[in-house]
Structure formats: C-alpha cells, structure tokens
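Everything on this sheet refers to the single structure shown next.
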Amino acid sequence: QVQVAESGGGLVQAGGSLRLSCAPSTRTSRRYGMGWFRQAPGKEREFVAGITSDSANTYYAEPVKGRFMISRDDAKNTVDLQMNSLKPEDTAVYYCAVSLRGYSGSMPDQYNYWGQGTHVTVSS
C-alpha cells in the first residue's frame with residue numbers, strides 16, 4: 001500500500017503562481033510513473049501532467065502547456081507541479097496519482113494510488 005500526500009494548495013490571484021508537492025510513502029518515487037489530475041466543481045476529473053519513472057518524459061494537458069511544469073525532487077522524494085500564470089479556470093482540487101507500472105499518461109484507471117487532493121482557488 002502506498003500512501004500519497006499532496007500539499008501546496010491555496011488561494012492565489014489570477015496571474016500568480018503556486019507549487020504543489022506530492023510525497024508518496026515510498027523510499028523513492030523514482031520507480032513509479034506519477035501524474036497530477038484535477039477536478040473542478042461539477043466537472044469530471046481531468047489529467048493535468050505526468051512524468052515517467054526515469055523523468056525522461058513529461059506530458060501535459062493542452063490547457064496547461066507552457067504554464068505548468070512537473071518535476072521530481074529526488075532529495076525530498078517528491079513530484080512537484082509548478083503552476084504559473086494561473087487562471088480562474090484552474091480552480092480545482094488537484095490530485096496526485098502513482099502508477100506502479102510506470103504509467104504517466106492521461107488515463108486515471110492506469111494509476112494505482114491516489115492522494116486526498118489539495119484545493120487550488122484562483123481569484124479573478
């Protein structure tokens with residue numbers, strides 16, 4: 001069983017930045033594919049970004065390309081999501097997900113463990 005904990009959410013004005021952090025309860029996150037998803041009120045959960053187990057490849061949803069960046073911090077054993085130029089439509093609960101098979105794409109059912117989510121609110 002892998003516990004997943006997100007942190008870093010909060011309230012920010014449009015145009016601002018936030019950095020989310022995901023800490024799986026493993027010695028190293030490097031063995032796993034990791035993804036960030038989000039769910040806005042009244043909407044389905046959607047893929048935001050993913051990173052392969054070796055960090056060689058990253059993937060982004062179109063609405064966040066050029067504004068968000070996913071990365072691993074091996075020293076802290078976290079996978080972070082740097083969010084810049086935030087827009088009100090980025091308001092959502094953001095979830096981190098772990099894939100034991102190294103998957104890092106947009107299909108939620110390919111991930112094995114999920115965090116409880118962290119709230120991000122962007123005011124206009």
Centroid-to-centroid, Y59 to F47, below 6.0 Å?
no

Report yes if the distance between the aromatic ring centroids of F68 and W36 is under 6.0 Å, otherwise no.
no

To the nearest 0.5 Å, how far apart are [atom1] in [X] and [atom2] in [Y]?
X	Y	atom1	atom2	value
F37	S106	CZ	OG	6.5 Å
T52	N57	OG1	CG	4.5 Å
L100	S53	CG	OG	11.5 Å
D109	Y103	CG	OH	7.5 Å

Same apolar cluster: V93 and L81, side chain cutoff 4.5 Å:
no

Is there a path of hydrophobic side-chain contacts, each under 4.5 Å between heavy atoms of I/L/V/M/F/W/Y residues, joining W114 to I51?
no

Looking at [Y], is its backbone amide N or carbonyl O close enough to the side chain of [X] to form a donor-acceptor pair, meaning the two atoms are under 3.5 Å apart?
X	Y	answer
S124	P88	no
Y111	G105	yes
S99	G33	no
Y60	P63	no
R72	D54	no
E6	T118	no

Over all atoms of both residues, closest heavy-atom pair of T78 and A23:
CG2-CB, 4.1 Å

List the atom of G50, the atom of I70, and the distance in Å for their closest heavy-atom pair.
O-CG2, 3.6 Å

Residue pairs passing the side-chain hydrogen bond (donor to acceptor under 3.5 Å, both in side chains) test where at least one lies in residues 84-96, sequence neighbours excluded
S17-N84, R38-D90, R38-Y94, R67-D90, Q82-N84

Counting only heavy atoms not in R19, do more than 12 fall under 6.0 Å of its CZ?
yes

Measure the shortest side-chain to side-chain distance between P24 and M34 over non-hydrogen atoms and say whether it is less than 4.5 angstrom.
yes

Any side-chain heavy-atom pair of D80 and S21 under 4.5 Å
yes

For Q116, the side chain to side chain contact (heavy atoms under 4.5 Å, CB included) test, sequence neighbours excluded, returns none

